[in-house]
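Let me begin by presenting the structure, written as structure tokens, before commenting on it.
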Amino acid sequence: MKSWKKKLKDELNATVPALKEEVKNAPIITAQNDAFCIRSGDVLVKRKIGILASCAVVAILVIVITLMAIFGVFAPEPILERYVFSLEINPAVSFVTDKEGNVKSVKALNEDADVILCNESALNKIIGAPLTEAVVIYTDCATRLGYLDLTLTQNAVRLSSSSDTDKNLIANTSESLRNYFMTNGIFAAVIEDVISAQDLSKRMGISGVKTLSELTKKVQSLSVNYSERNIGTANEEQLKSLYETYVVGRQLFDFVRGELLDNVNSILHNAQMLSQIGICSCKIMMHKDNPFNPIPVDYWIIKKYSNAQYSAEFSALMNEMESLLAEYEKTFGTSIGSLADLTSATNAYASLSSVDFEDLFKTLTVSDFLSLADNFVGILKNIGSNVATFETLLKTPKTSEEYVAQMKTALGKIFDYRAERYLDIYEAKREQITSTDYDTFINGIVEEYGSLDNFWNKK
């Protein structure tokens, strides 16, 4: 109360001109004939009101009321036409809805959300749907892709909105998510967080926003994909940096690393066989009975001369090489047809000799991947994986159009990869959770962590 009064007083002092000294010092006229009497019961009450004083009071009241109207004291609450929500799983996403709660737009807030929203089917189902349905579509897609770990007994998602938002819409959306988890046997808490529009914008990584209206405009101006932002004005060098960060360093890294981990045993076997083939090749090239001695001609060139005569020892080496190459092709579905092929396949393991492949792939960092991406793709090529897309994506785009095209290709590949990788877990049969069991689950988290917010911050 005091704050607005003080503000009003300051505004009046700044607006109303100061009185002249002669006005301040003028005597107040109090003529006796201004007096009049009012009888209240048997009591005669005598009141004297100065005519000039009355006029001054009325004039000041008019000024005060006018200024209060100007500064919005009497203005009605603005009617909000849009609401903004964020949902973190942790692919994080933002929904903008109309006042009835229908989704008008959806935007990725991090790279993982790009993978979900790259799917046209999911995106089309979300746009135009009631928020209560849209959050379930998004969450189910994230679950299908393994972003919500169904092997855990404690999970959580956080639904955030501003304090200006329709409270019923927030409550109904949270309830819709809880019902999805209970129906599908997933023990996941829904953390409902109502904060100021300014705090919500910070949570979403958007700066310079104070009101919900400003936040709505900012969110709607964003591209759907997080990885697509900031490329409009980027030069070639900046595009290269963005591409390495978001496409190669995030999407391609996740995909290739997953493929490497899935094929550790095949990779180890491949490295061992290439070592055997390499040793045998060197023996053939350096053998004294090589038909081209002293020139160190390789196995594949010698084989072109079908009439060449070999000693028994050299013939055994040639037969050994033939057997190794045949076994390699049968095992990995790819052939080595020249010394150049052998060199290329072997070079994929350059700088990776005497390492534990499984440990290497598990601890692989984005920085390590960026420096050795060609090697890792080469290793997958050695074991027969189709790496044509990977090889294309490793080529740095020079224009924003090339950037977007390659980014979408990468997103589509990682979507398909994750959908296949987590299919068995996603489709595993789980019993529905009763309301009682779900409440027990929530109470257990609160008892263990103190609150759902604490659980979210520590998970």
Counting only heavy atoms not in E447, do more than 12 fall under 6.0 Å of its CD?
-> no

Could you please spell out the steps behind the side-chain hydrogen bond (donor to acceptor under 3.5 Å, both in side chains) verdict for S174 and E192?
-> CA-CA 7 Å; S174 296; E192 184 180 312; 2.7 Å; yes

Could you give the distance from CG (L411) to CG (L252), rounded to the nearest 0.5 Å?
-> 11.0 Å

R430 NZ/CZ over F187 ring centroid, <6.0 Å and within 45° of normal = no

Among pairs that include at least one residue of residues 145-158, which meet salt bridge (charged side-chain N to carboxylate O under 4.0 Å, His left out), considering only residues two or more places apart or in two chains?
-> E88-R158

Looking at the rings of F253 and F369, which for Trp means the six-membered one, are their centres under 6.0 Å apart?
-> yes

Start with the C-alpha gap between Y349 and N270, add the side-chain angles, then the distance that decides, and say whether side-chain hydrogen bond (donor to acceptor under 3.5 Å, both in side chains) holds.
-> CA-CA 10 Å; Y349 295 98; N270 181 265; 2.6 Å; yes

Given side-chain hydrogen bond (donor to acceptor under 3.5 Å, both in side chains), test D193 with S160 step by step and report yes or no.
-> CA-CA 5 Å; D193 202 10; S160 304; 4.6 Å; no

Y180 pairs by side-chain contact (heavy atoms from CB on, under 4.5 Å) with which of V190, T139, T132?
-> T139

Intermediate values then yes/no, side-chain hydrogen bond (donor to acceptor under 3.5 Å, both in side chains), D166 and Y83 = CA-CA 8 Å; D166 185 328; Y83 296 127; 4.9 Å; no

For F415, all residues meeting ring pair (Phe, Tyr, Trp, His ring centres under 6.0 Å), sequence neighbours excluded = none

Please identify each residue that fulfils salt bridge (Lys or Arg N to Asp or Glu O under 4.0 Å) with R178, with sequence neighbours left out.
-> E175

